[in-house]
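The sequence lines fix the lettering, A, B, ..., with proteins before strands; numbering per chain opens at 1.
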Number of protein chains: 2
Amino acid sequence: MNSEFTIAVHCLIVLASAPDRVWSSGSLSRKVHTNPARVRKIMSALRRNGLVTTKEGLGGGYRLGFSSGDVNLALVYRTVSCEALKLNWCSDDGAGDPELARVRSVMDQAFCRAETMLETYLEQWTIDSLLEQIKCEPDVPISDHFPVSAHKDKSTKYNINRIGGEG
Amino acid sequence: MNSEFTIAVHCLIVLASAPDRVWSSGSLSRKVHTNPARVRKIMSALRRNGLVTTKEGLGGGYRLGFSSGDVNLALVYRTVSCEALKLNWCSDDGAGDPELARVRSVMDQAFCRAETMLETYLEQWTIDSLLEQIKCEPDVPISDHFPVSAHKDKSTKYNINRIGGEG
DNA sequence: ATAAACTGTATCTATTATAATTACACTAAT
DNA sequence: ATTAGTGTAATTATAATAGATACAGTTTAT
């Protein structure tokens, strides 16, 4: 699944963890390890679906649109239109093969149902419930996911729009 | 999801629809609209998991390894290791952010469960049950998926290794 | 034994999808 | 009027995917 989804969720978690404060794309981008323009693009999509509210101009930024108990992962998933289970068919020019068309139709239906099931599952996960879990999580538990690199703090790479600061 | 999965499933359906006959990568590739080398690569993976048997040399090719009622989509899914629900995180060099690590751990767990659910669902679909559905499928039902192009039979593009023929 | 028709596999190239970068118009607060 | 923001588009860079080609090895038929 592309990283727009994880960025969106991560941003929402950050917003929910400090609901009183307005977050700029710059400060969010440092949290989620990408660049401000990408954060703005993704947050724009969330705004269009009401998941966050934005404010332009000096001191502007992003806030949760709903209470964190009402925002669930299915909403986010649909907003960034992941289509993780969309099947990919090899049919260069397209039609002309009715046999392929039948196979494709049956399979697409099967995976449409799978996607519905997935979304039903994701509805159970609210940003709130994620925050809860995250609090219970022991420190640095997924070191096996990626090897620790030699030079840690070289990631001043995305500190554009710095001034906003953290707190 | 990448097209290896649909190619694998489509090939298995073709094999199951004519279980008495040996299919070459060339004839399969024409059925599934890709090239013989790709078919061979994917079928090799299926062979390593016992889903098909292969025979090299003249008159060789592919056959179903199990009865078509025993081959289900979860097996295929795992064989081509789709990981359609694998989350994609932005963390250039990796570690160094324990907060990200906790978020990631919780989310990865949630989606691990989602993937398990998906596989459970896919286990219900055998190649047999797909064939059944395909037979019931009315002709050319998914014309809305792709626009009908002007020049139909221009797809002699992958007719390398021709000699094997169809029947 | 030799040629033909296959698989198995690797490598290179082309294409497409994804992400980063840059730029700039617009907005709001100071 | 300046500063610090969003919104958005366009461009470039990078990574993932798929196609093309090549060739060694295998089996069958002649």
Worksheet entry | Any residue meeting salt bridge (Lys or Arg N to Asp or Glu O under 4.0 Å) with A/E56, in chain and number order, not counting sequence neighbours | none

Worksheet, complete the sentence: Residue pair B/G57/A/M43 against DNA chain D: nearer the 5' end by closest nucleotide is A/M43

Worksheet item: Where along residues 49-56 of chain B does a heavy atom fall under 4.0 Å from DNA chain C?
Response: B/T54, B/K55, B/E56

Item to complete: Apply side chain to side chain contact (heavy atoms under 4.5 Å, CB included) to the pair A/C82 and A/E4, showing each step before the final yes or no.
Response: CA-CA 8 Å; A/C82 298; A/E4 285 195 7; over 6 Å; no

Response to the item:
The single option from B/R40, B/M43, B/K41 that satisfies side chain to side chain contact (heavy atoms under 4.5 Å, CB included) with B/S25 is B/R40

Worksheet item: Partners of B/R78 by salt bridge (Lys or Arg N to Asp or Glu O under 4.0 Å), sequence neighbours excluded?
Response: B/E119, B/E123

Worksheet entry | Closest contact, heavy atoms only, A/G59 versus A/V22 | O-CG1, 4.0 Å

Worksheet item: Can you check the B/I42 CD1 to C/dT7 C1' distance for me, whole Å?
Response: 15 Å

At a cut-off of 3.5 Å, list every protein nitrogen or oxygen paired with a nitrogen or oxygen from nucleotides 9-18 of chain C, distance to 0.1 Å.
| unit_1 | atom_1 | unit_2 | atom_2 | d |
| --- | --- | --- | --- | --- |
| C/dT9 | OP2 | B/R48 | NH1 | 3.3 |
| C/dT9 | O4 | B/R40 | NH2 | 3.4 |

Worksheet item: If we only count heavy atoms from C-beta on, is the A/D97 to B/H33 side-chain gap below 4.5 Å?
Response: yes

Item to complete: List the atom of B/P19, the atom of B/R63, and the distance in Å for their closest heavy-atom pair.
Response: O-NE, 3.9 Å

Fill in: Those residues of residues 59-66 of chain A lying under 4.0 Å from DNA chain D by at least one heavy atom
A/G60, A/G61, A/Y62

Fill in: Backbone N/O of B/A110 and side chain of A/Y121: donor-acceptor pair under 3.5 Å
yes

Worksheet item: So does A/T34 get a side-chain nitrogen or oxygen closer than 4.0 Å to the phosphate oxygens (OP1/OP2) of C/dA19?
Response: no

Fill in: CD/B/E99: more than 12 non-hydrogen atoms of other groups inside 6.0 Å
no

Discussion item. Can you list, in residue-number order, the parts of residues 5-17 of chain B that come under 4.0 Å of DNA chain C, counting heavy atoms only?
Written reply: none

Fill in: Minimum-distance pair of heavy atoms, taken over all atoms of A/V14 and A/S17
O-OG, 2.7 Å

Worksheet item: Between the side chains of B/S3 and B/T6, does any donor sit under 3.5 Å from an acceptor?
Response: no

Worksheet item: Could you state the CG-C1' distance from B/L58 to C/dA5, rounded to the nearest angstrom?
Response: 4 Å

Worksheet item: Strictly by modelled atom types, are B/S105 and B/Q109 linked by a side-chain donor-acceptor pair under 3.5 Å?
Response: yes

Fill in: Separation of D/dT6 P from A/W23 CH2 (nearest whole Å)
13 Å

Worksheet, complete the sentence: In whole angstroms, the gap separating P of D/dG5 from CZ of A/R21 amounts to 10 Å

Item to complete: Indicate the atoms forming the closest heavy-atom contact of A/L75 with A/D70, along with that distance.
Response: CD1-O, 3.9 Å

Worksheet item: Rounded to whole angstroms, how far apart are CG on B/N35 and P on C/dT7?
Response: 13 Å

